[in-house]
Amino acid sequence: MSKVIIHISDLHVTTYSKSNGAKNEEIDSYLDTNSDTSSSIHYIDTFTSSIKADYPDSDFILVITGDITNWGEKFEFEFASIYIKKIIKDLNIELSNCLILPGDHDVHRRSLENELEENPTSESHLLNNIKFKNFSIFYKDITGSDFPFDSIIINHIIIDDKIILIGLNSNYKINNEGGDGFIPIEKFKQELESLRRNLNNTELNYLACWHHNFSSGFDDKNKGQWEAANRIHLLAELEKQNIKFIFTGNEHTSCTKSILLGSVTSSDCGAFSSIKYDTTFKVYPIIISSDIKLENKIYGLQKTNANDVKYFWNVRNNKPARQIGRAHV
């Protein structure tokens with residue numbers, strides 16, 4: 001059976017009603033907390049039907065790179081759980097093949113602010129049990145496992161004993177005021193070395209997944225939304241660890257860019273359910289022969305402005321398939 005990676009990000013499941021009961025007119029997501037879930041469920045149906053039609057008899061791996069909710073509210077996560085469980089069920093995806101990572105919008109900043117009123121600290125970004133409290137409940141509900149909020153490497157998926165996807169938490173520096181992507185280098189090295197020892201498989205090709213964009217396809221800056229000094233050190237460590245491919249989200253653009261003169265490739269799948277902006281996800285059919293190839297396919301939402309067919313997904317032309325075999329990683 002063929003293996004296919006589905007990469008979605010930035011669902012931004014958003015609270016449907018304001019505190020006074022009126023509809024939230026600022027919603028920019030097809031997925032919300034409306035008690036009548038029919039519209040959001042239809043959106044998910046359109047997505048999963050397209051996948052099943054284009055990739056019949058395939059074994060799917062699901063990667064979600066954060067910003068699952070808009071404000072990190074418990075109510076938003078409850079509805080996000082409904083929608084993601086439906087994706088997993090409809091596509092018959094094993095939970096062991098699901099990599100679910102937090103974004104900065106999944107940090108519950110209101111809880112951090114409440115804590116800081118009682119216990120002021122200059123290191124509010126380290127209050128992981130508080131800032132990820134709602135995400136942790138959601139994560140346990142989906143995966144059945146506790147969310148390791150103090151770890152950098154959240155989880156991993158091994159594909160055919162050839163590829164390993166490692167999911168990282170890039171929200172180390174996110175606090176009640178937000179912040180840029182950041183991964184502490186020494187902690188990352190220690191956790192990765194421990195993982196390598198435990199797996200004891202030198203044949204695996206390591207690919208990284210996290211939320212924050214490491215380069216930019218839209219903003220007029222090369223560093224993306226990442227702390228500049230940390231980005232330089234992390235790039236050096238990625239090259240040292242022979243990690244050549246990164247799955248990201250955050251920027252809401254389906255951009256694939258080469259970094260370090262082509263030695264590292266960063267792929268942002270875009271925003272999965274934006275109403276106002278370009279709406280995309282990516283699919284990577286895996287071809288394993290003498291090398292390992294991921295075919296980089298972008299799906300864009302086509303808005304018909306018609307009464308009968310509201311929208312549908314369509315494959316866009318993209319760069320040639322990316323080689324990630326040992327000779328190329």
Side-chain angles (χ1 to χ4, degrees), residues 4-18 22-56 60 62-71 76 79-91 103 105-106 211 213 216-219 225 247-257 267-285 295-319:
V4 176
I5 298 171
I6 302 167
H7 179 199
I8 65 175
S9 192
D10 297 79
L11 288 69
H12 288 279
V13 176
T14 305
T15 301
Y16 182 77
S17 300
K18 296 181 179 179
K23 180 182 176 182
N24 178 10
E25 298 296 339
E26 298 179 357
I27 294 176
D28 180 27
S29 177
Y30 288 105
L31 305 174
D32 57 43
T33 67
N34 188 354
S35 58
D36 178 4
T37 61
S38 57
S39 180
S40 294
I41 292 297
H42 172 65
Y43 188 82
I44 297 297
D45 278 335
T46 305
F47 163 67
T48 56
S49 296
S50 178
I51 294 288
K52 287 188 287 188
D54 288 355
Y55 306 95
F60 297 115
L62 178 63
V63 175
I64 306 178
T65 50
D67 278 3
I68 292 161
T69 64
N70 204 43
W71 295 109
E76 291 175 336
F79 280 81
S81 182
I82 294 171
Y83 306 141
I84 292 173
K85 283 180 178 179
K86 179 171 175 55
I87 292 173
I88 292 170
K89 180 180 177 181
D90 287 358
L91 297 177
H105 277 257
D106 299 316
H211 175 64
N213 52 309
S216 178
F218 177 75
D219 290 335
Q225 293 183 18
F247 299 85
T248 72
N250 191 51
E251 195 188 35
H252 295 193
T253 58
S254 55
C255 176
T256 303
K257 292 192 73 173
S267 181
D268 187 332
C269 67
F272 175 66
S273 54
S274 174
I275 297 172
K276 299 177 183 177
Y277 302 105
D278 193 27
T279 310
T280 58
F281 68 89
K282 285 187 176 180
V283 172
Y284 298 85
E295 293 187 272
N296 186 1
K297 294 180 179 289
I298 300 174
Y299 279 72
L301 188 68
Q302 311 302 305
K303 303 171 186 178
T304 65
N305 295 321
N307 292 326
D308 295 331
V309 181
K310 193 173 183 179
Y311 37 67
F312 64 93
W313 294 97
N314 194 32
V315 181
R316 296 177 178 172
N317 292 329
N318 196 24
K319 290 182 178 181

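Just so you know, residue 1 is the first one in the sequence shown, and it goes up from there.
Taking the six-membered ring for Trp and thresholds of 30 and 60 degrees, Y43 and Y30 have nearly parallel ring planes, at less than 30 degrees apart. Relative orientation of the H7 and F247 rings is perpendicular, given thresholds of 30° and 60° on the angle between their planes.
Not a single ring pair (Phe, Tyr, Trp, His ring centres under 6.0 Å) links F312 to another residue, sequence neighbours left out. The side-chain contact (heavy atoms from CB on, under 4.5 Å) check on S49 picks up nothing, with sequence neighbours excluded. Under the side-chain contact (heavy atoms from CB on, under 4.5 Å) criterion, K85 pairs with S81, D141, I142, sequence neighbours left out. Annotation: side-chain hydrogen bond (donor to acceptor under 3.5 Å, both in side chains) contacts of N314 (sequence neighbours excluded): none. I82 pairs by the side-chain contact (heavy atoms from CB on, under 4.5 Å) definition with I41, F79, not counting sequence neighbours. Scored by the side-chain hydrogen bond (donor to acceptor under 3.5 Å, both in side chains) test, D32 finds no partners at all (sequence neighbours excluded). For D36, the side-chain contact (heavy atoms from CB on, under 4.5 Å) test picks out N34, S38, with sequence neighbours left out. Here T14 pairs with nothing under the side-chain hydrogen bond (donor to acceptor under 3.5 Å, both in side chains) rule; sequence neighbours left out. With sequence neighbours excluded, the residues that form a ring pair (Phe, Tyr, Trp, His ring centres under 6.0 Å) with H12 are H105, H252. In this structure, D28 has no salt bridge (charged side-chain N to carboxylate O under 4.0 Å, His left out) partners at least two apart in sequence or on a different chain. With sequence neighbours excluded, no residue forms a salt bridge (charged side-chain N to carboxylate O under 4.0 Å, His left out) with K52. Remark: D278 pairs with R316 by the salt bridge (charged side-chain N to carboxylate O under 4.0 Å, His left out) rule, at least two apart or across chains.
To the nearest 0.5 angstrom, T48 atom OG1 is 12.0 Å from I88 atom CD1.
In this structure, a donor-acceptor pair under 3.5 Å is present between the side chains of S29 and S273. Of the N and O atoms on the side chains of T46 and K310, not one donor lies less than 3.5 Å from an acceptor on the other residue.
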TODO: Give the intermediate values and the outcome of side chain to side chain contact (heavy atoms under 4.5 Å, CB included) for residues L91 and L62.
DONE: CA-CA 10 Å; L91 297 177; L62 178 63; over 6 Å; no
Task: Verdict with reasoning, D268 to K257, per salt bridge (Lys or Arg N to Asp or Glu O under 4.0 Å) - done: CA-CA 9 Å; D268 187 332; K257 292 192 73 173; over 6 Å; no
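Using a 4.5 Å heavy-atom cutoff, the side chains of D54 and V283 are not in contact. In this structure the side chain of D10 never reaches within 4.5 angstrom of the side chain of Y277, judged on heavy atoms. At least one side-chain heavy atom of N296 sits under 4.5 Å from a side-chain heavy atom of Y284.
Between S274 and K303 the shortest heavy-atom distance is O-NZ, 4.0 Å.
Around NZ of K89, the count of heavy atoms belonging to other residues, nucleotides or ligands within 6.0 Å does not exceed 12.
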